[in-house]
There are 2 protein chains.
Amino acid sequence: MTQKSGIAAVAETAGVSVSTVSQVLSGNRPVSEATRAKVNAAIAELGYTPHPGARSLRSRRTESIALLVPDITNPFYPLVAVGMQDVLLPAGYLLSILDAGSQSGTGRLLGHVLERRFDGIALHIDGLSDADRARLAESGTRVVALGRDIGIEGSDYVESDDAGGFAKLGEHLLGTGRRRIGFIGGEEESDPSRLRLGGLRQAFAGAGLGYDDAATVFTSFTRDGGRDGIAALYERRTDWDAIVCANDLIAIGAMDELRRRGLSIPADVAVTGYDDIDAAALVHPSLTTVENPAREIGRTAARLLLTRLAGDGDDAPTQHITLSTRLVVRDSTTSPIPQER
Amino acid sequence: MTQKSGIAAVAETAGVSVSTVSQVLSGNRPVSEATRAKVNAAIAELGYTPHPGARSLRSRRTESIALLVPDITNPFYPLVAVGMQDVLLPAGYLLSILDAGSQSGTGRLLGHVLERRFDGIALHIDGLSDADRARLAESGTRVVALGRDIGIEGSDYVESDDAGGFAKLGEHLLGTGRRRIGFIGGEEESDPSRLRLGGLRQAFAGAGLGYDDAATVFTSFTRDGGRDGIAALYERRTDWDAIVCANDLIAIGAMDELRRRGLSIPADVAVTGYDDIDAAALVHPSLTTVENPAREIGRTAARLLLTRLAGDGDDAPTQHITLSTRLVVRDSTTSPIPQER
DNA sequence: ATCCGTTTCCACATCGTTTTGCGTGCATGC
DNA sequence: GCATGCACGCAAAACGATGTGGAAACGGAT
């Protein structure tokens, strides 16, 4: 006997045609109750699973979405991923989390990702090269950018109010009398680094003060970046009374390095982060930071993608959603003598 | 004109046949230097990308691998993922990280995952139901289990020496004079919880002591689990002098709850974790724990999968790899008065 | 009995690849 | 000059699903 497989096998054991099986699967055309039952029985009996390749070949959809992040070991990103899954799974989409390993790793992965023909891609990547941007645009894949505008025609983006968050941080520090405030950014070419610094500047301006460019250094969004940042700042001057870091990982690394240099936090120098990852509350002293609604960012991004995918809609105007942030004051900027609670 | 697409378009502009294009792509048959050049030129000109669906339809391979984890926000898992990518990307495979959200979420995701026909699946999941195990086995997908034996015929697994790690922890605690040692496990039905408890028992036995079952509680592998665990243990008795936790998240939650109850760590009670996630070094006091080589687990698992996939080999015997662990002593079990260094 | 409108199902073309079995054309050996 | 062998390319048949245009079956109305 010829061993059929796939939908053909189901059709045979159910005693109907291939197209009928397809109909009951997709519900595209009405099918009588009786045959529907037969088909479902056959499906169950054979343990049939549709072949996604064949399906996507015709339908031009893969029902899966990629999330491309620069560093999955940064606890911020898993939360974004979870948020996206909250929305995507119920909608029948599978989320694949791809780790570029670093900003520079993006290009290497992008080829892989485009080859896979995901229905949509969520990108949280800085410094996308022009070539990569072009590849993305040409591919026609739906893109939603996280945390910044990625500069692709017709792609939505969702970010949190970075500038506002840093303005709040700046006000808080200025309000506690700090004036010699250094800033450690991530990669210099990154939008977020600039935005965040911008928020800080804004706080200074609001207080009628100027902000000195010599008080800023750029490294990378990691703990090592924080250590390096402190080293760089303290080569310029040594009387900082506060260090504002572009994210929590940098802040944690910076605190490490400050302590290694015998400085006390916050008595000698205050430190702030951004994101409010779990570790921010756990370090000692606990870190003043800004809550970055990672999970909500993920949810929102997923919704944007789904809307675009459902509507076939290039017609709708580009969406740009900004989520608000919240200042979280902890010990690293306040209690003069950190102690166990 | 008929607008061809895909490989047919390439064939047309290169002035060769479809099969020839396929040949130069796959390198399955020799192709003359001249035509190879023509084809490559056409590919570049058209910006052609092969359709993975069509490809997998014929080749029955998707060139992608899934990693299924119970909780991607547990920092242990991103490291495993990175380790797998270390090996898989150079081999041309794409790794999709799927988050089940919880142990119980596995079943819900498994359907999705099997539908997608990944070439291989790495599972780090406890308490796989018999039904799910059967589905996996039937699917014929290559499976590698992480951290425990998943009980599927012919599937390899890689774990770390949990029992050994906990034995070391136990010896360390007993060596510092602690005797009333409680244990907070994760999910009770989980293999690791049992293995880890077993290691602790072994340490007691080695010292000629017995270990009391009433000293153990099971919750979940999260910070909340740690808080609950402490609550449960202190309902039984209140004179614990050490709490051994099944992972770092539990330990961190436990420390929180202990402090909330006014107990001092490690003066009143010592606490230990497992995994050595970043946060373990950051909490206050820093956490004594066991280094669990997450990244290496990922690499090893990926290698196992690749070997199986390359060899078409169901012939090779099942592999079972155990990675060694290392005790990391920090302040939560030693310095009587925690202080800033 | 005939005709028409529904309902229900089917045949067939199609999506973009891979793969096998055959032509070609050309050089080689006698 | 003729058979032989090689190196290259090509045609065509899968792979497993979707979807459209019709054909059959069935009632009800005339």
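Within every chain, numbering begins at 1; the chains are lettered A, B, ... in the order of the sequence lines, protein sequences first and strands thereafter.
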Taking atom [atom2] of [N] as reference, at what distance in whole Å does atom [atom1] of [X] sit?
{"X": "A:Leu25", "N": "D:dG16", "atom1": "CG", "atom2": "C1'", "answer": "12 Å"}
{"X": "A:Leu46", "N": "D:dG16", "atom1": "CG", "atom2": "C1'", "answer": "15 Å"}
{"X": "B:Arg61", "N": "C:dT17", "atom1": "CZ", "atom2": "C1'", "answer": "16 Å"}
{"X": "B:Leu57", "N": "D:dA13", "atom1": "CG", "atom2": "P", "answer": "17 Å"}
{"X": "B:Glu115", "N": "D:dG16", "atom1": "CD", "atom2": "C1'", "answer": "15 Å"}
{"X": "B:Gln23", "N": "C:dT17", "atom1": "CD", "atom2": "P", "answer": "14 Å"}
{"X": "A:Ile7", "N": "C:dC9", "atom1": "CD1", "atom2": "P", "answer": "15 Å"}
{"X": "B:His51", "N": "D:dG16", "atom1": "NE2", "atom2": "P", "answer": "16 Å"}

Below the 4.0 Å mark, does [N] have OP1 or OP2 next to a side-chain nitrogen or oxygen of [X]?
{"X": "B:Thr20", "N": "D:dG9", "value": "no"}
{"X": "A:Ser32", "N": "C:dC9", "value": "yes"}
{"X": "B:Ser22", "N": "C:dT18", "value": "yes"}
{"X": "B:Asn28", "N": "C:dT19", "value": "yes"}
{"X": "B:Arg55", "N": "C:dT18", "value": "yes"}
{"X": "A:Arg60", "N": "C:dC15", "value": "no"}
{"X": "A:Ser5", "N": "D:dG16", "value": "yes"}

Nucleotide nearest A:Ser17 (side chain, heavy atoms from C-beta), chosen from D:dG16, C:dC10, C:dG16: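 Nucleotide nearest to A:Ser17's side chain: C:dC10.
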Shortest side-chain distance from B:Pro30, nucleotide among D:dC8, D:dC15, D:dA17: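 My answer, after comparing the listed nucleotides, is D:dC8.
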Under-3.5 Å donor-acceptor pair between B:Arg58 side chain and C:dT17 base: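 There is none.
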Base of D:dG21 paired with side chain of A:Arg29 (donor-acceptor, under 3.5 Å):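 Pair found.
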B:Arg55 (side chain) donor-acceptor with B:Thr62 (main chain) under 3.5 angstrom: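 Between the backbone of B:Thr62 and the side chain of B:Arg55 there is no qualifying donor-acceptor contact (under 3.5 Å).
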Sidechain-backbone polar pair: B:Arg36 side chain, B:Val31 backbone, donor-acceptor under 3.5 Å: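 Answer holds: yes.
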Earlier contact from the 5' end, DNA chain D, for B:Val16 and B:Ala54: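 Looking at the nearest nucleotide for each, B:Val16 comes out on the 5' side.
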Polar contact flag, side-chain donor to acceptor under 3.5 angstrom, B:Ser32-B:Thr35: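 The criterion, which ignores hydrogens and geometry beyond distance, is satisfied for B:Thr35 and B:Ser32.
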Sidechain N-carboxylate O distance under 4.0 Å for B:Glu138, B:Arg135: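 Looking at B:Arg135 together with B:Glu138, the answer is no, because their closest N to O distance does not fall below 4.0 Å.
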Mutual orientation of the aromatic rings belonging to A:His124 and A:Tyr77 [parallel < 30°, tilted 30-60°, perpendicular > 60°]: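 A:His124 vs A:Tyr77 ring planes: perpendicular.
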Just checking [X]: base, sugar-phosphate only, or nothing, at a heavy-atom cut-off of under 4.0 Å?
{"X": "A:Thr35", "result": "sugar-phosphate"}
{"X": "A:Val21", "result": "nothing"}
{"X": "B:Pro50", "result": "sugar-phosphate"}

Interatomic spacing from CD1 in B:Ile65 to CZ in B:Phe118 - rounded to 0.5 Å: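 If I round to the nearest 0.5 Å, the distance is 9.5 Å.
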